[in-house]
Engineer: 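This is the structure, below, for whatever I ask next.
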Amino acid sequence: QVQLVESGGGTVQAGGSLRLSCAASGRTFSGHAMAWFRHVPGKERDFVAAISGSGRSTHYSDSVKGRFTISRDNANNTVYLQMNSLKPEDTAVYYCAATREGGSYYREGYWGQGTQVTVSS
């Protein structure tokens, strides 16, 4: 069982930066791949970025590549999402998710409660 708690959301002007954090419980944190998704009401939940258990492999959606950076600190059971050059279209509720390596976030993942990010123009 993994419990996830996100923090760091807020309101920022376009072009600004925010760093989201996701604190995870459980002794097997390094054995889980971690990801960030985001959701806008009325739309599907979208993948943003993912990182392997070791932290050596990362993946990004095309919409955030070059602007967002995912990282993790396995000693402190935390994953981060550094968001730079924010745009109004990045406004969403951001969710942290965990799953076993090679697993499906949707079918077998653990999810946090979400944190709101609002980017004003």
Side-chain angles (χ1 to χ4, degrees):
Q1 189 79 6
V2 177
Q3 292 184 325
L4 305 171
V5 178
E6 302 98 334
S7 62
T11 300
V12 63
Q13 287 190 331
S17 298
L18 281 175
R19 188 175 82 155
L20 305 183
S21 300
C22 174
S25 65
R27 295 178 295 173
T28 60
F29 179 72
S30 62
H32 286 79
M34 302 293 296
W36 289 94
F37 291 77
R38 63 188 182 186
H39 181 241
V40 176
K43 298 184 178 181
E44 293 185 355
R45 188 173 297 189
D46 288 333
F47 167 79
V48 175
I51 188 167
S52 63
S54 67
R56 287 194 290 267
S57 177
T58 58
H59 301 278
Y60 298 92
S61 68
D62 288 342
S63 61
V64 307
K65 200 172 295 183
R67 299 188 297 122
F68 291 11
T69 302
I70 189 170
S71 62
R72 65 190 296 160
D73 179 352
N74 285 346
N76 290 299
N77 284 12
T78 304
V79 64
Y80 303 99
L81 185 68
Q82 177 66 44
M83 305 185 294
N84 298 329
S85 302
L86 282 161
K87 305 175 181 180
E89 51 264 42
D90 294 318
T91 294
V93 177
Y94 283 71
Y95 294 89
C96 174
T99 190
R100 62 175 178 83
E101 294 279 16
S104 165
Y105 291 99
Y106 288 103
R107 290 195 301 272
E108 55 190 303
Y110 301 94
W111 293 82
Q113 82 289 349
T115 185
Q116 176 71 46
V117 171
T118 302
V119 184
S120 60
S121 57

Engineer: Determine, using the 4.5 Å side-chain heavy-atom cutoff (strictly less than), whether Val12 and Leu81 are members of one ILVMFWY cluster.
Structural biologist: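 Both belong to a single hydrophobic cluster.
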Engineer: Under the criterion side-chain contact (heavy atoms from CB on, under 4.5 Å), I'd like the reasoning laid out for Leu4 against Met34: C-alpha separation, chi angles, the key distance, then a yes or no.
Structural biologist: CA-CA 10 Å; Leu4 305 171; Met34 302 293 296; 3.9 Å; yes
Engineer: Measure the shortest side-chain to side-chain distance between His39 and Tyr95 over non-hydrogen atoms and say whether it is less than 4.5 angstrom.
Structural biologist: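 When only atoms from C-beta onward are counted, Tyr95 and His39 do touch, with a gap below 4.5 Å.
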Engineer: Applying side-chain contact (heavy atoms from CB on, under 4.5 Å), run through Met83 and Arg67 and close with a yes or a no.
Structural biologist: CA-CA 6 Å; Met83 305 185 294; Arg67 299 188 297 122; over 6 Å; no
Engineer: Around atom CD of Gln3, are there more than 12 heavy atoms from other residues, nucleotides or ligands closer than 6.0 Å?
Structural biologist: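 Incorrect, the count does not exceed 12.
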Engineer: Are Phe37 and Tyr110 in one and the same hydrophobic cluster, where Ile, Leu, Val, Met, Phe, Trp and Tyr link if side-chain heavy atoms are under 4.5 Å apart?
Structural biologist: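 No, because Phe37 and Tyr110 fall into different hydrophobic clusters, even though each may have its own neighbours under 4.5 Å.
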Engineer: Inspect the contact between Asp90 and Lys87 and indicate whether a charged nitrogen and a carboxylate oxygen are less than 4.0 angstrom apart.
Structural biologist: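 No, no charged N to carboxylate O under 4.0 Å.
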Engineer: Say whether Tyr105 and Trp36 are linked into one hydrophobic cluster, either directly or through other cluster members, by side-chain heavy-atom distances under 4.5 angstrom.
Structural biologist: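 No; tracing contacts between hydrophobic side chains, which count when under 4.5 Å, never links both residues.
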Engineer: Do Val93 and Val117 share a hydrophobic cluster, counting only Ile, Leu, Val, Met, Phe, Trp and Tyr and linking them when any side-chain heavy atoms are less than 4.5 Å apart?
Structural biologist: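 In one cluster: no.
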Engineer: Main chain of Gln113, side chain of Glu6: is a donor-acceptor contact present, judged purely on distance under 3.5 Å?
Structural biologist: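 Flag set: sc Glu6 to bb Gln113 pair under 3.5 Å.
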Engineer: Report the relative orientation of the aromatic rings in Trp111 and Tyr106; use parallel for angles under 30°, tilted for 30 to 60°, perpendicular for over 60°.
Structural biologist: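 Correct class here is tilted.
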Engineer: State which residue, out of Asp73, Leu20, Ile70, fulfils the side-chain contact (heavy atoms from CB on, under 4.5 Å) condition with Tyr80.
Structural biologist: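 Running side-chain contact (heavy atoms from CB on, under 4.5 Å) over Asp73, Leu20, Ile70 with Tyr80 returns exactly one hit, Asp73.
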Engineer: Is there a donor-acceptor contact under 3.5 Å from the side chain of Thr78 to the main chain of Ala23?
Structural biologist: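 No; judged by distance alone, with no hydrogens or angles, the pair does not exist.
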Engineer: Please check if atom CD in Gln13 has more than 12 non-hydrogen atoms from other residues, nucleotides or ligands closer than 6.0 Å.
Structural biologist: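 Open.
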Engineer: Taking the six-membered ring of Phe29, is NZ or CZ of Arg72 closer than 6.0 Å to its centre and within 45° of its axis?
Structural biologist: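 Pair Arg72/Phe29 counts as cation-pi.
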Engineer: Just so I know, are the side chains of Val79 and Cys96 near enough to count as touching, which here means a heavy-atom distance under 4.5 Å?
Structural biologist: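 Side chain of Val79 against side chain of Cys96, heavy atoms only: contact under 4.5 Å found.
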Engineer: Could you report the tightest heavy-atom contact between Arg38 and Ala92, atom names first, then the distance?
Structural biologist: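 Closest pair (atom of Arg38, atom of Ala92, distance): CB-CB, 3.8 Å.
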Engineer: Gln82 and Ser17: which non-hydrogen atoms are nearest, and at how many Å?
Structural biologist: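 Shortest heavy-atom contact: NE2-CB, 4.0 Å.
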Engineer: If you take all heavy atoms of Val40 and Thr91, which pair is closest and at what distance?
Structural biologist: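 Val40 and Thr91 have their closest heavy atoms at CG2-O, 3.4 Å.
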Engineer: Heavy atoms only: give me the nearest Ala98-Val2 pair and the separation to one decimal.
Structural biologist: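 Closest pair (atom of Ala98, atom of Val2, distance): CB-CG1, 4.4 Å.
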Engineer: Taking the inter-plane angle between the rings of Tyr94 and Phe68 on a 0 to 90° scale, is it parallel (under 30°), tilted (30 to 60°) or perpendicular (over 60°)?
Structural biologist: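 It falls in the tilted class, 30° to 60°.
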